[in-house]
Visitor: 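First, the structure itself, so that you have it in front of you.
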Amino acid sequence: MTDIPLKLFNSLTRQLEVFQPVHPGEARVYTCGPTVYNYPHIGNMRAYVFADVLGRTLSFKGYDLTHVINITDVGHLTDDADAGEDKMEKMAAQRAQSIWDIARHYTEAYWADIKALNIRQPARWTIATEYVPAMIDFAKGIAERHCYELDSGLYFDVSTVADYGRLARAHTDEGEGRIETVEGKRNAADFAIWRKTPPGETRQMEWDSPWGRGAPGWHLECSVMSGAVLGFPFDIHTGGIDHREIHHPNEIAQNQAHCCTNGLDVAANSGANIWMHNNFLVERSGKMSKSAGEFLRLQLLIDKGYHPLAYRMLCLQAHYRSELEFSWEGLGAALVRLKRLVMAVEALKTRHAELVSASIAPSDTATGEKFAPFLERFGGAVSDDLNTAIALTALEEVIAIKKVDAGDKLAVIAAMDTILGLDLLTLTRADLRIRPKVATITEAEIDATLALRKEARAAKDFATSDRLRDELAAQGVEVMDGDSLGWDWKLGE
RNA sequence: GGCCCGAUGGCGGAGUGGUUACGCGCCGGACUGCAAAUCCGUUUACGCCGGUUCGAUUCCGGCUCGGGCCUCCA
């Protein structure tokens with residue numbers, strides 16, 4: 001399954017393309033990371049699950065992967081691209097905390113989610129504020145030919161590069177002009193690459209530059225960090241689909257200016273050969289938002305008793321380019337699916353251990369042939385623009401195969417899970433039993449009640465036995481006599 | 001107003017010019033004191049109107065509905 005060519009959908013050409021590394025044997029990937037002014041919601045995290053699957057696939061296929069994810073801790077504005085407040089500054093003011101404390105707190109919260117979702121660590125987390133000098137150098141390099149200065153900052157003139165906005169399929173004209181434009185801008189789409197601190201104000205985060213004291217523009221950061229660590233052109237740039245319209249076209253324009261090349265008919269001139277975008281996680285009401293005040297964090301799912309990998313499963317069931325509907329019912333379905341996989345693997349591990357201790361050699365020498373078609377299906381699915389939905393079915397079919405050696409089957413499952421990242425070989429059924437925050441009964445109380453019930457059943461006192469079971473059910477505990485775990489939390493809304 | 005995307009069975013969600021997606025749920029069976037859990041089996045679909053075709057859920061056109069972007073957003 002490693003020799004199938006990997007096809008990926010390139011947003012720049014809107015076509016599937018066979019992955020051809022810039023550097024033979026290597027894969028260099030940059031992922032637009034979070035702005036750490038608040039907690040990430042689960043929709044945000046979908047982007048990193050997607051990037052993780054991409055990275056795992058590239059690794060699995062033998063490429064030496066260098067994956068970079070940035071942490072935006074400066075420069076991301078609240079509204080209008082040029083006149084708005086910095087998100088970081090705003091949150092710091094609201095919370096009366098240092099902006100650096102805000103950044104650290106939310107970066108750590110983000111990293112906790114990354115870990116909980118079994119997302120592999122990238123080769124490098126690039127922190128935007130550590131690259132400010134590099135950003136200034138980058139801006140200096142393109143300022144003369146591509147930028148102009150206004151009172152509010154240094155602006156990029158999008159008319160100075162060819163094919164501006166191709167990624168977004170944007171027209172060069174400006175439409176309705178609904179946006180409040182900054183006085184003096186040459187083109188409506190021009191954007192700030194350096195934002196001067198207004199006279200008389202002081203920001204918590206500001207740096208000296210040839211254009212005055214201020215802070216870098218958001219778009220500049222990604223150009224600089226990706227180029228600095230991966231070198232232009234690199235292989236793949238990923239991000240949420242929203243970035244396809246503004247952020248990435250602007251990034252591309254800067255990259256073109258920096259590399260002194262023109263024309264996006266040659267994809268590499270954009271800075272990356274392939275631009276990939278994951279679609280949104282949505283709720284009935286529309287896409288997820290943080291603006292409503294309360295939003296879906298991974299921790300909320302955990303508090304309700306859902307294992308975080310159930311969310312990963314939910315993501316894997318859909319194609320990354322499709323919108324995915326979130327519901328508690330759907331999350332529950334994903335959890336059940338995950339649980340059944342985990343139970344099957346646990347049973348296999350037990351069986352395998354028995355065979356090994358009894359020194360029974362695998363009887364079926366043709367076992368590899370039985371797995372071959374499923375491995376091929378799995379590999380084909382993943383290679384077809386990361387179709388994890390199909391890949392999952394191949395995994396489940398492998399689990400259902402009868403009369404094969406347990407060890408061999410485990411090896412196949414392990415190989416598949418290298419890409420899916422569901423942690424199937426180490427996760428246990430008990431790990432999935434997460435205590436809901438609302439539960440009041442202690443596990444000791446549950447054990448005590450179960451012990452009483454066991455006595456009653458032994459005495460064939462089923463009235464007592466059923467009463468005790470009902471009592472537990474009333475407290476959100478589901479008794480399962482035929483399950484090795486014995487009981488589970490009953491999840492519901 | 002402009003650009004773009006989607007519409008699949010109870011829910012989620014793949015995919016395809018003629019053949020079972022799949023998962024969860026429902027239903028039936030095994031197991032169980034009865035259940036639950038588990039395992040096995042099973043049911044229901046491709047928004048509307050035209051066109052192309054021997055044949056369309058799949059291609060083309062129109063319509064309706066929904067969503068996204070055009071301002072920050074994964």
Side-chain angles (χ1 to χ4, degrees), chain A residues 14 31-35 37-38 40-51 76-87 165 168-171 173-181 188-189 218 238-247 277-282 284-291 313-314 316-341 343-344 347 381 384 387-397 400 429 457 460-462 465-466 469-470 473 478-488 490:
Chain A
R14 305 276 162 118
T31 294
C32 263
T35 301
Y37 71 104
N38 203 339
H41 59 55
I42 56 175
N44 297 129
M45 298 312 294
R46 188 183 184 195
Y48 310 109
V49 172
F50 150 63
H76 204 155
L77 304 185
T78 50
D79 40 55
D80 182 284
D82 312 309
E85 288 180 89
D86 189 292
K87 285 192 173 184
R169 296 292 184 271
H171 284 288
D173 57 339
E174 293 145 19
E176 292 268 292
R178 237 175 57 193
I179 312 138
E180 209 176 304
T181 53
W218 179 42
T238 80
I241 197 165
D242 48 327
H243 289 332
R244 202 179 62 187
E245 314 303 327
I246 300 289
H247 179 49
H277 296 93
N278 63 280
N279 214 318
F280 282 130
L281 180 75
V282 299
R284 277 197 316 280
S285 54
K287 73 170 190 175
M288 301 234 157
S289 163
K290 292 179 183 175
S291 56
M313 172 64 92
L314 187 71
L316 295 179
Q317 290 182 128
H319 191 96
Y320 74 88
R321 281 195 285 128
S322 299
E323 271 186 3
L324 171 58
E325 187 94 19
F326 176 82
S327 70
W328 292 104
E329 186 191 0
L331 184 65
L335 178 62
V336 170
R337 189 178 195 175
L338 177 64
K339 177 186 70 182
R340 289 178 180 161
L341 288 180
M343 290 181 82
D384 182 18
N387 193 332
T388 51
I390 296 291
L392 269 171
T393 67
L395 170 66
E396 281 164 331
E397 283 165 9
R429 175 85 173 83
R457 291 185 73 210
K460 303 226 185 283
D461 177 3
F462 296 123
S465 160
D466 290 352
R469 185 168 64 196
D470 289 345
E478 186 173 51
V479 177
M480 310 177 302
D481 288 333
D483 189 304
S484 58
L485 211 51
W487 64 275
D488 199 356
K490 208 171 198 164

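In the text below, chain A, chain B and the rest are named by the order of the sequence lines, each starting its count at 1. What you see is a predicted model; the values in this text were computed from it and never measured.
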Visitor: Between the main-chain N or O of A:His41 and the side-chain N or O of A:Asn44, is there a donor-acceptor pair closer than 3.5 Å?
Guide: yes
Visitor: Relative to the 5' end of RNA chain B, which residue comes earlier, A:Glu396 or A:Ser465, by the nucleotide with the nearest heavy atom?
Guide: A:Glu396
Visitor: Rounded off to whole Å, could you give me the NE2-to-C1' distance for the A:His247 and B:rC70 pair?
Guide: 17 Å
Visitor: Please give the distance between the C1' atoms of B:rU57 and B:rG9 as a whole number of Å.
Guide: 12 Å
Visitor: Using heavy-atom distances to pick each residue's nearest nucleotide on RNA chain B, tell me which of A:Asp481 and A:Arg340 is more 5'.
Guide: A:Arg340
Visitor: Taking the same atom, P, in B:rU64 and in B:rA14, what whole-Å distance lies between them?
Guide: 27 Å
Visitor: When the P atoms of B:rC69 and B:rA74 are compared, how many Å lie between them, rounded to an integer?
Guide: 12 Å
Visitor: If the C1' atom of B:rC27 is compared with that of B:rU43, how far apart are they to the nearest Å?
Guide: 7 Å
Visitor: Distance check needed: B:rA36 P versus A:Lys339 NZ, whole Å only.
Guide: 12 Å
Visitor: Distance check, P atoms only: B:rC39 and B:rC60, in whole angstrom units.
Guide: 42 Å
Visitor: Suppose you measure atom P in B:rG61 against the same atom in B:rG66; what distance do you get, rounded to whole Å?
Guide: 23 Å
Visitor: What about A:Arg469, does its side chain sit under 3.5 Å from the base of B:rA36 through a donor-acceptor pair?
Guide: no
Visitor: Send over the distance from A:Trp487 CH2 to B:rA35 C1', rounded to a whole Å.
Guide: 19 Å
Visitor: When the P atoms of B:rA21 and B:rU16 are compared, how many Å lie between them, rounded to an integer?
Guide: 14 Å
Visitor: Answer with yes or no whether A:Asp483 presents, from its side chain, a donor or acceptor under 3.5 Å of a partner atom in the base of B:rA37.
Guide: no
Visitor: Rounded to the nearest angstrom, tell me the gap between atom CD in A:Glu325 and atom C1' in B:rA7.
Guide: 13 Å
Visitor: Could you check how far CZ of A:Arg337 sits from P of B:rC22, rounded to whole Å?
Guide: 11 Å
Visitor: Choosing from B:rC34, B:rA37, B:rC22, which nucleotide comes nearest the side chain of A:Glu478?
Guide: B:rA37
Visitor: Is there, by distance only and without an angle test, a donor paired with an acceptor across the side chain of A:Asp242 and the base of B:rG68 below 3.5 Å?
Guide: no
Visitor: If you check every side-chain atom of A:Asn278, which of B:rA74, B:rA37, B:rA14 has the closest atom?
Guide: B:rA74
Visitor: I'd like the C1' distance from B:rC22 over to B:rG15, given in whole Å.
Guide: 10 Å
Visitor: With the side chain of A:Phe462 defined as its heavy atoms from C-beta on, choose the nearest nucleotide among B:rA74, B:rG33, B:rG13.
Guide: B:rG33
Visitor: Send over the distance from A:His243 NE2 to B:rC4 C1', rounded to a whole Å.
Guide: 18 Å
